[in-house]
Amino acid sequence: MVLLHISAKASATASHKFRVELPHKIISQVFTIKKSIIVQQYNASGANTNHICYLNVPWISMYESTNNNSQPWLPLSFDPSQSRTESDYHIRIKAEELPMAFDLELYKDADGTPFQFQSGTNNQIQSIDLFFEYETNQSFV
């Protein structure tokens, strides 16, 4: 198995989008989502109340992730009363080809409220790390 690690770190500018740049594209194949680590700057005053955030991953289509919010967003579990949440998953998806560069978008809820990344700001996401396993980096499966 091959590992895909996507790491998004907040900057001083608030944004719910982050750019991912890989050294090469990855052909369409089955991916297993293994783990997410979400870090926020927790403060009890004005704390987040949701336990799920949603990640719009462009290479996961409606056929791989179906839910009642009509979006193919990947739900990520986190504890809003903790600074760091590590969650294990064993979700297999047949992903489309991953290009060398793409944008991910983070939402607070199924209604599409942007969840901001911003360093040094209370109750904002500081980083998200995602770990996927997949079969091959070959050009053909």
Side-chain angles (χ1 to χ4, degrees), residues 1-139 141:
M1 295 302 259
V2 183
L3 172 71
L4 170 60
H5 173 222
I6 296 174
S7 184
K9 307 280 187 234
S11 69
T13 304
S15 178
H16 77 288
K17 296 181 181 183
F18 55 92
R19 185 86 175 151
V20 175
E21 294 185 5
L22 303 174
H24 55 82
K25 69 180 182 177
I26 302 173
I27 61 172
S28 177
Q29 59 189 293
V30 174
F31 283 73
T32 303
I33 304 163
K34 300 301 284 184
K35 182 181 292 287
S36 69
I37 301 171
I38 298 177
V39 176
Q40 68 171 335
Q41 186 164 323
Y42 172 72
N43 185 304
S45 175
N48 292 305
T49 56
N50 47 318
H51 292 270
I52 300 283
C53 60
Y54 296 91
L55 193 63
N56 182 8
V57 182
W59 39 269
I60 297 177
S61 75
M62 189 70 77
Y63 296 104
E64 284 82 35
S65 178
T66 303
N67 55 53
N68 62 345
N69 68 4
S70 300
Q71 299 294 337
W73 296 340
L74 180 64
L76 299 175
S77 174
F78 80 105
D79 184 343
S81 67
Q82 300 295 316
S83 294
R84 184 179 191 276
T85 303
E86 188 171 320
S87 302
D88 292 321
Y89 308 97
H90 301 285
I91 304 169
R92 293 172 47 88
I93 57 170
K94 173 75 170 165
E96 299 171 3
E97 180 176 277
L98 277 67
M100 290 176 59
F102 54 89
D103 292 319
L104 299 178
E105 299 172 337
L106 185 66
Y107 298 100
K108 279 188 174 188
D109 52 41
D111 295 327
T113 305
F115 204 156
Q116 301 296 332
F117 280 82
Q118 187 170 13
S119 61
T121 304
N122 286 339
N123 302 311
Q124 297 292 320
I125 299 293
Q126 303 301 300
S127 66
I128 293 181
D129 286 275
L130 301 169
F131 299 86
F132 299 84
E133 281 184 352
Y134 62 103
E135 193 64 35
T136 183
N137 269 331
Q138 304 287 329
S139 296
V141 177

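- Across Ser45 and Asn43, no two heavy atoms sit closer than the pair N-OD1, 2.8 Å.
- The CG atom of Leu22 lies 6.5 Å from the CD1 atom of Ile6; values are rounded to the nearest 0.5 Å.
- Partners of Ala12 under the side-chain contact (heavy atoms from CB on, under 4.5 Å) rule, at least two apart in sequence or in another chain, are Ser119.
- Below 30°, between 30° and 60°, or above 60°: for Phe132 and Phe31 the angle between ring planes is above 60°, a perpendicular geometry.
- Under the salt bridge (charged side-chain N to carboxylate O under 4.0 Å, His left out) criterion, Lys9 pairs with Asp129, sequence neighbours left out.
- Listed by chain and number, the residues in a ring-ring contact (aromatic ring centres under 6.0 Å, His included) with Phe117 are Phe18 (sequence neighbours excluded).
- Residues forming a side-chain hydrogen bond (donor to acceptor under 3.5 Å, both in side chains) with Thr85 (at least two apart in sequence, or on another chain): none.
- For Tyr107, the ring-ring contact (aromatic ring centres under 6.0 Å, His included) criterion is met by His16, Trp73, not counting sequence neighbours.
- Closest heavy-atom contact between Ser28 and Ala95: OG-O, 2.7 Å.
- Evaluation of the side-chain hydrogen bond (donor to acceptor under 3.5 Å, both in side chains) rule for Asn123 yields no partner, not counting sequence neighbours.
- Proximity of a side-chain donor or acceptor of Gln126 to a complementary backbone N or O of Gln124 within less than 3.5 Å is detected.
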For this session: Starting from the C-alpha separation in whole Å, work towards a yes-or-no answer on side chain to side chain contact (heavy atoms under 4.5 Å, CB included) for Leu76 and Leu130.
Result: CA-CA 10 Å; Leu76 299 175; Leu130 301 169; 4.0 Å; yes

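- Using a 4.5 Å heavy-atom threshold, the side chains of His51 and Ser77 count as separate.
- In this structure, Leu4 CG and Thr32 OG1 are separated by 11.5 Å, a value rounded to the nearest 0.5 Å.
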Exercise. Hey, mind stepping through Leu104 and Ile128 against side chain to side chain contact (heavy atoms under 4.5 Å, CB included) and telling me if it holds?
Worked result: CA-CA 11 Å; Leu104 299 178; Ile128 293 181; over 6 Å; no

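- In this structure, the side chain of Asp111 does not engage the main chain of Thr113 through any donor-acceptor pair within 3.5 Å.
- For the pair Glu135 (side chain) and Gln29 (backbone), a donor-acceptor distance under 3.5 Å is absent.
- Checked against ring-ring contact (aromatic ring centres under 6.0 Å, His included), His90 has no partners two or more places apart in sequence or in another chain.
- Here Asp109 contributes atom CG and Ile52 contributes atom CD1; the two are 12.0 Å apart, rounded to the nearest 0.5 Å.
- For Asn50, the side-chain contact (heavy atoms from CB on, under 4.5 Å) partners two or more places apart in sequence, or in a different chain, are Asn48, Phe78, Lys108, Phe115.
- Gln40 contributes a side-chain N or O that, together with a main-chain N or O of Pro80, makes up a donor-acceptor pair within less than 3.5 Å.
- Taking Glu97 as the reference, Lys25 meet the side-chain contact (heavy atoms from CB on, under 4.5 Å) condition, with sequence neighbours excluded.
- Closest heavy-atom contact between Gln118 and Thr13: CG-C, 4.4 Å.
- Here the shortest heavy-atom pairing between Pro23 and Met100 reads O-CE, 3.6 Å.
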Exercise. Given the rule in the side chain to side chain contact (heavy atoms under 4.5 Å, CB included) test, do Ile26 and Val2 qualify, once you have shown the distances and angles that lead to the verdict?
Worked result: CA-CA 11 Å; Ile26 302 173; Val2 183; over 6 Å; no

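- Every residue two or more places apart in sequence or in another chain that forms a side-chain contact (heavy atoms from CB on, under 4.5 Å) with Ser81 is listed here: Tyr42, Asp79.
- Between Glu96 and Pro58, the shortest heavy-atom distance links the atoms OE1-O, 4.0 Å.
- The salt bridge (charged side-chain N to carboxylate O under 4.0 Å, His left out) check on Glu133 picks up nothing, with sequence neighbours excluded.
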For this session: Report the C-alpha distance between Ile38 and Ile125 in whole Å, list the side-chain angles of each, state the deciding distance to 0.1 Å, and finish with yes or no for side chain to side chain contact (heavy atoms under 4.5 Å, CB included).
Result: CA-CA 7 Å; Ile38 298 177; Ile125 299 293; 3.5 Å; yes

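- Counting only heavy atoms from C-beta outward, the side chains of Ile60 and Leu55 never approach each other to under 4.5 Å.
- Shown here for Glu105 and Lys17, the closest heavy-atom pair between the two residues is OE2-CE, 3.0 Å.
- For residues 28-46, the set of pairs meeting the salt bridge (Lys or Arg N to Asp or Glu O under 4.0 Å) definition, not counting sequence neighbours, comprises Lys35-Glu86, Lys35-Asp88.
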